[in-house]
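First the proteins, then the strands, lettered A, B, ... as listed; each starts at 1. Bear in mind the structure is a predicted one, so any value in this text is a computation, not a measurement.
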Amino acid sequence: METSGEAFPKRFRLRKRREYLQAQRVGRRLTSPHFIVYARPNGSRRPRLGITVSRKVGKAHVRNRLKRLVREVFRRARQEFPSGMDFVVVAKSEIAPPDLLQTRDELLGLVRRFDAARPAPRRDNR
RNA sequence: CGAGUAGGUCAGGUGGUCGCCGGCGUCCAAAAGACGCGGGAGGAAAGUCCGAGCUCCGCAGGGCGUGGUGCUGGUUAACGGCCAGUCGGGGUGACCCGAAGGAAAGUGCCACAGAAAGCAAACCGCCAGCGCGCUCGAAAGGGCGCGUCGGUAAGGGUGAAAGGGUGCGGUAAGAGCGCACCGGGGGGCGGGUGACCGUCCUCGUCAAGGUAAACCCCACCUGGAGCAAGACCGUUUCGGGGCGCUGCAAAAGCAGCCCAGGUGCCCACCUGGUCGCCUCGGGUCAGGUCGCUGAAGGUCCGUGGCAACACGGAAAGUAGAUGAAUGACCAUCCCCCACGUUCGGGUGACCGGCGUGGGAGACAGAACUCGGCUUACGACCUGCUCGGAGA
RNA sequence: CGGGGCGUAGCGCAGCCUGGUAGCGCACAUGCUUCGGGAGCAUGUUGUCGGAGGUUCAAAUCCUCUCGCCCCGA
């Protein structure tokens, strides 16, 4: 039932606050000029995406546009994202919002670094 | 052509590819999923400044209080909105702006300055009388200074503001003291539903400041919260009440209560699980479903009305998400700029066409719904006004 | 989405209701004290009162609009 191509239905997204908090607490973190990305294994066979854009980034239509850009990158290049991982993309409040190409380059750059570092180190205990 | 003013319209279009949200249908036992059909942001969706619907709580009725509104008449489900008018102010004008009731119901305040800031008074002045001194004069009398007692509100000075304004007359000096004009008060008549307007008469005792976006008075409106309202269902936990059973106990009362397995039976113990039954209440899982999209709605036509709007009819038709959809890319058309042009018009500057390259398309994203207000913002169209030029 | 609060000196706050002078603490500067520093004492500096408009003679204060920040509600 692996949806081929570039679809992006709900099961590829994070839907619960708890999932976001878990990813941000125990996941690995990498940053680029416009984004912070958290990643952690989710125990399934597909990658999932969650996006956080706070009100500091801009007004509603600016935030909507940013989320659409990030979704578009994920949708177009889902093969580049390692499966079995949850990703949470947090937008930083930069003065100039990025365009699609910039978003794509930054996010895929970060994802390749995750990929190179796999398997992600379990940092539990304490 | 330039400057301005009022009103209106649109909110980039078309095609293709890849996606998203929810609806209906088909396949499928069902779920998941697949396929098909049709739908999917705004004029401000924004700020949340008003008003309603709707929901829960409160409530016999009325009053007080609180808050709001404040020229008049209309309009509406309602409004602080809108329409039409009145008055005042601004602008050469088109036109625009106005929280625009009451200060002779009461209270408060008016800093500094100033004599005095609200019961009217009088600092410097001005003027008359009286007294004293000096002086001029033959005398009558005059001049100057000081004092005193009066008359004044012209002038000076202070202030945001000092008891109508300007002018002439008048006077010892002055003053609505008299007069003219302007302003103001009262009354009559006429017009208007009314705010108010017009006109005539009369008042100089014209009895007197401002502030009500100070308290207040008057008139009218006004219960509180909000769809995260609220309703239903589940999940799990805590507590109260009742019932039943068991044990202890004389009783009051206290404690416990289910199922399965270890283990053939009983007690105890251990492990696991939804831990007697009924009922009430609070919390947990930002649990699920409903509320949730049908318009006091928009368009067109007709009738009434200056208009806001009302009434009647017709056709079309409805975004409903919940870490939250309505998007991305490509091509092309529209707009601007630059360059080129064996193209067209023109004497010419230049204008138009075509081609190439580049750039721009504002403000901004539904979250229960609707009527307004306010704020943000791109382009175009129309009427009108003022100025300039030409015929 | 809905409801509420706050913007005053470099920092934390008062003053606003009841309009005329913006004040307190810390900090800062200068002097005294000390061999020097700290502490102490004395003196002093510092303000678009978030922004725009209005009412008033006069606005941080009253009214309207606007910007920013914070808190609460299942």
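Map A:V62 and A:T52 each onto its nearest nucleotide of RNA chain B; the residue landing nearer the 5' end is A:T52. Heavy-atom nearest nucleotides on RNA chain B were determined for A:R13 and for A:V53, and the one closer to the 5' end corresponds to A:R13.
A distance of about 43 Å separates the C1' atoms of B:G264 and B:A252, rounded to the whole Å. Taking the P atom of each, B:G159 and B:C112 are spaced 14 Å apart, rounded to whole Å. Taking atom P on both nucleotides, B:U289 is separated from B:G23 by 11 Å, rounded to a whole Å. Of the P atoms belonging to B:C50 and B:C21, the separation is 40 Å, rounded to the nearest Å. Straight-line distance between the P atoms of B:A231 and B:U55: roughly 12 Å, to the nearest whole Å. Comparing the same atom, C1', in B:A321 and in C:G50 gives a spacing of 37 Å after rounding to whole Å. Taking atom P on both nucleotides, B:G16 is separated from B:U303 by 46 Å, rounded to a whole Å. B:G65 and B:G187 have their C1' atoms separated by 44 Å, given to the nearest Å.
Pair check for B:G281 finds B:C238; Watson-Crick or G-U wobble, both atom distances under 3.5 Å. Under the Watson-Crick or G-U wobble criterion, with both distances below 3.5 Å, B:G58 is left unpaired in every strand shown. Within the shown strands, nothing qualifies as a pairing partner of B:U48 under the Watson-Crick or G-U definition with both distances less than 3.5 Å. Remark: B:A175 base-pairs with no nucleotide; criterion is Watson-Crick or G-U wobble with both hydrogen-bond distances under 3.5 Å. Under the Watson-Crick and G-U wobble criteria, each requiring two contacts below 3.5 Å, nucleotide B:A268 is left unpaired.
Within a 6.0 Å radius of CZ in A:R13, other residues, nucleotides and ligands contribute more than 12 heavy atoms.
Looking at residues two or more places apart in sequence or on another chain, you find no side-chain hydrogen bond (donor to acceptor under 3.5 Å, both in side chains) involving A:T103. Listed by chain and number, the residues in a side chain to side chain contact (heavy atoms under 4.5 Å, CB included) with A:L108 are A:A77, A:E80, A:F81, A:R104, A:R112 (sequence neighbours excluded). For the salt bridge (Lys or Arg N to Asp or Glu O under 4.0 Å) test, residues two or more places apart in sequence or in another chain that qualify with A:R48 are A:E19, A:D86. Taking A:D105 as the reference, nothing meets the side chain to side chain contact (heavy atoms under 4.5 Å, CB included) condition, with sequence neighbours excluded.
Counting only Watson-Crick and G-U wobble pairs whose two distances sit under 3.5 Å, RNA chain C takes part in these stems of three or more pairs: C:1-7 with C:67-73, C:10-13 with C:23-26, C:28-32 with C:40-44, C:50-54 with C:62-66.
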Can you pull every protein N or O that's under 3.5 Å from an N or O on nucleotides 326-330 of chain B?
| from | atom 1 | to | atom 2 | distance (Å) |
| --- | --- | --- | --- | --- |
| B:U326 | OP2 | A:R68 | NE | 3.0 |
| B:U326 | OP2 | A:R68 | NH2 | 3.1 |
| B:G327 | N2 | A:R75 | NH2 | 3.4 |
| B:A328 | OP1 | A:R65 | NH1 | 2.8 |

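The interatomic distance linking A:F12 (CZ) with B:G323 (C1') rounds to 18 Å, in whole Å. One can place OH of A:Y20 at 15 Å from C1' of B:A286, the figure rounded to the nearest angstrom. Between A:H61 atom NE2 and B:A366 atom P there is a gap of 11 Å when expressed in whole angstrom units.
Residues in residues 35-63 of chain A take part in no ring pair (Phe, Tyr, Trp, His ring centres under 6.0 Å) pair, two or more places apart or across chains.
For the pair A:E72 and A:R68, the salt-bridge criterion is not met [side-chain N within less than 4.0 Å of a carboxylate O].
Remark: side-chain polar atoms of A:K92 are not paired, donor with acceptor, to backbone N or O of A:T31 under 3.5 angstrom. At least one donor-acceptor pair closer than 3.5 Å links the side chain of A:R63 to the backbone N or O of A:G58.
Taken to the nearest 0.5 Å, the CG atom of A:L107 stands 9.5 Å off from the CG atom of A:L69.
Using a 4.0 Å heavy-atom criterion, one finds that A:K59 contacts the sugar-phosphate atoms exclusively.
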